[in-house]
> 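Just passing along the structure, written as structure tokens.
Here the structure is a predicted model, which means the values were calculated and not measured. Read the numbers this way: they start at 1 and go in the same order the structure lists the ligands and their atoms.
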Amino acid sequence: MPVLPFYHATNTQESPTLGKLIVLTGPSGVGKGTLMNEILQRHPELYYSVSVTTRSPRPGEINGQKYYFITRQEFQELVTKGELLEWAEFAGNFYGTPRAAVLDHIQSGKLVLLEIELEGARQIRTAFPSALSIFILPPSFSELENRIRGRGQDSEEAICRRLKRAEAEIAAADEFDLQIINDDFEQALKEIEKAIFE
Ligand SMILES: Nc1nc2c(ncn2[C@@H]2O[C@H](COP(=O)(O)OP(=O)(O)O)[C@@H](O)[C@H]2O)c(=O)[nH]1
Ligand SMILES: Nc1ncnc2c1ncn2[C@@H]1O[C@H](COP(=O)(O)OP(=O)(O)O)[C@@H](O)[C@H]1O
């Protein structure tokens, strides 16, 4: 079982007062993870919230880097104990944001980044109205499909589930503070950086 950074939150208040919470969302395959990695490389002072998931690791995915890979039972226990700030089911697996680490980093004045799907992003918007929410759009649906397939890491079934879900996600883009099209990668990065640091 992975060792999770779940210590008791010193702050139970749900509204960030010192740091800033930033949510990046958008359909699977749009490039959220790639954009996030580059932002973290360029700005190591940012805190990236590592999620828990019941999905199996893809080849090369290291436990504790992008995700803590846990069982469904472990996930259920975290939900029951109120240890997740938000959680959702996506394409047959569960994903959630560990609460304590995020709240403590906000309290200490950090910029905290979440990269999560639509339902979780909605939960965060409700709980943290002052959070900055950014929706990443693909230049077209066919390009989104090319990217998911080109990544070459998911089964046909997983790809179909993601594409089906993508339509509903894209339809919700306007709910978020900012919509950024990830066509030219550098341009998209610049727009995200501007939103985060302005
Ligand atoms: N609600 C929620 N969604 C998450 C969390 N972590 C990751 N996700 C989202 O879950 C979806 C599936 O992620 P993943 O299985 O890594 O597939 P990928 O997005 O196709 O690379 C993506 O939209 C992620 O942004 C989380 O903690 N909470
Ligand atoms: N601007 C872009 N132009 C072309 N390909 C991109 C761009 N941004 C990301 N990609 C590629 O698209 C694929 C999906 O990106 P990924 O970051 O895994 O998406 P997500 O995390 O949103 O599921 C990856 O192969 C990535 O290299």
> Can you tell me if Q73 has over 12 outside heavy atoms packed within less than 6.0 Å of its CD?
no

> Considering only NZ, NE, NH1 and NH2 on the basic side and carboxylate oxygens on the acidic side, decide whether R122 and E119 come within less than 4.0 Å.
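Salt bridge: yes.
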
> Counting only heavy atoms, tell me which of R122, E117, Q123, R161 gets closest to atom 1 (N) of ligand 1.
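Looking at heavy atoms only, the winner is E117.
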
> Give the numbers and elements of all ligand 1 atoms closer than 4.0 Å to a heavy atom of A88.
1 (N)

> Do R72 side-chain atoms and T54 backbone N/O form a donor-acceptor pair below 3.5 Å?
no

> What atoms in ligand 1 come closer than 4.0 Å to a heavy atom of R55?
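The list of qualifying atoms is 14 (P), 15 (O), 16 (O).
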
> Output the list of atoms in ligand 1 that are nearer than 4.0 Å to some heavy atom of S28, sorted by atom number.
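Heavy-atom distances to S28 below 4.0 Å select 18 (P), 19 (O), 20 (O).
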
> On a heavy-atom basis, I'd like to know which of N146, N182, V30, T34 is closest to atom 8 (N) of ligand 2.
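Checking each option, the heavy atom nearest atom 8 (N) of ligand 2 is found in N182.
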
> Identify the residue among I116, L85, L113, L114 that makes a side-chain contact (heavy atoms from CB on, under 4.5 Å) with S49.
L114

> Using a 3.5 Å cut-off on N or O atoms only, is K66 in polar contact with ligand 1?
no

> Given P139, A188, G31, identify the one with the heavy atom nearest to atom 9 (C) of ligand 2.
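The residue whose heavy atom sits nearest atom 9 (C) of ligand 2 is G31.
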
> Taking 4.0 angstrom as the limit and counting only heavy atoms of P27, give me the atoms of ligand 2 inside it, by number and element.
22 (O)

> Is the ring pair F75/F94 parallel, tilted or perpendicular, if the boundaries are 30 and 60 degrees?
tilted

> Is a side-chain donor-acceptor pair under 3.5 Å present for S133 with R125?
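On atom types as modelled, these side chains qualify, holding a pair under 3.5 Å.
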
> Test of understanding: given a 4.0 Å heavy-atom threshold, classify the contact between F90 and ligand 1 as side chain, backbone, both, or neither.
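F90 to ligand 1: side-chain contact only, backbone stays beyond 4.0 Å.
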
> Check this for me - ligand 1, S51, N or O atoms closer than 3.5 angstrom, yes or no?
yes

> Salt-bridged, R149 to E156, with N to O below 4.0 Å?
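Salt bridge present between R149 and E156.
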
> Would you name the heavy atoms of W87 and Q123 that are closest together and state the gap between them?
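For W87 and Q123, the tightest heavy-atom pair comes out as O-NE2, 2.8 Å.
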
> Check ligand 1 against G120 and write out every atom of the ligand that is under 4.0 Å from a heavy-atom position of the residue.
1 (N)

> Ignoring hydrogens and geometry beyond distance, is a side-chain donor-acceptor pair present between E61 and Q65 at under 3.5 Å?
no

> I need the atoms of ligand 1 closer than 4.0 Å to a non-hydrogen atom of G96, numbered in the order shown.
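Under 4.0 Å from G96, ligand 1 has these atoms: 26 (C), 27 (O), 28 (N).
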
> Just do the salt bridge (Lys or Arg N to Asp or Glu O under 4.0 Å) check on R161 and E157 with the steps written out, would you?
CA-CA 6 Å; R161 284 176 157 209; E157 193 213 357; 3.5 Å; yes

> Find all atoms of ligand 1 within a distance of less than 4.0 Å from any non-hydrogen atom belonging to R151, and give their numbers and elements.
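Every atom of ligand 1 under 4.0 Å from some heavy atom of R151: 18 (P), 20 (O), 21 (O).
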
> Ignoring hydrogens, just give me the one of Q153, M36, E89, E115 whose non-hydrogen atom is nearest atom 24 (C) of ligand 1.
E115

> Any idea how Y95 and F90 line up, ring-wise: parallel (<30°), tilted (30 to 60°), or perpendicular (>60°)?
perpendicular

> Nearest protein heavy-atom contact for atom 14 (C) of ligand 2: which residue, which atom, what distance?
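The answer is G29 O, 3.5 Å.
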
> Please check if the side chain of N182 supplies one atom and the backbone of A188 the other of a donor-acceptor pair under 3.5 Å.
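Looks like no, no N/O pair under 3.5 Å.
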
> State whether the shortest distance between N or O atoms of E143 and N or O atoms of ligand 2 falls below 3.5 angstrom.
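Between E143 and ligand 2 (N or O atoms, distance only) the closest approach is not under 3.5 Å.
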
> Looking at G33, which atoms of ligand 2 are within less than 4.0 Å of one of its heavy atoms?
17 (O), 20 (P), 21 (O)

> Under the 3.5 angstrom rule, does the side chain of H43 hit a backbone N or O of I39 as a donor-acceptor pair?
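Flag not set: sc H43 to bb I39 has no pair under 3.5 Å.
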
> By number and element, which atoms of ligand 2 are closer than 4.0 Å to a non-hydrogen atom of F185?
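Matching atoms, with element in brackets: 1 (N), 8 (N).
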
> What protein heavy atom sits nearest atom 28 (N) of ligand 1, and how far off is it?
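Looking at atom 28 (N) of ligand 1, the protein heavy atom closest to it is E86 OE2, 2.7 Å.
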
> Can you find an N or O of G150 that's nearer than 3.5 Å to an N or O of ligand 2?
no

> What part of D183, side chain, backbone, both or neither, has a heavy atom within less than 4.0 angstrom of ligand 2?
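Backbone only.
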
> Nearest non-hydrogen contact with atom 13 (O) of ligand 1 belongs to which option: Y67, F94, Y68, W87?
Y67

> Quick one: which ligand 1 atoms are inside 4.0 Å of a heavy atom on K32?
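Matching atoms, with element in brackets: 23 (O), 25 (O).
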
> Ligand 1 versus E119, non-hydrogen atoms closer than 4.0 Å: side chain, backbone, both, neither?
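No part of E119 comes within reach of ligand 1.
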
> Just by modelled atom types, is the L46 backbone N or O under 3.5 Å from a matching donor or acceptor in the K110 side chain?
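Not at all, since once roles are kept as given, no pair shorter than 3.5 Å links the two residues.
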
> Examine ligand 1 and decide if any of its atoms is less than 4.0 Å from a heavy atom belonging to E169.
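E169: no contact with ligand 1 (<4.0 Å).
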
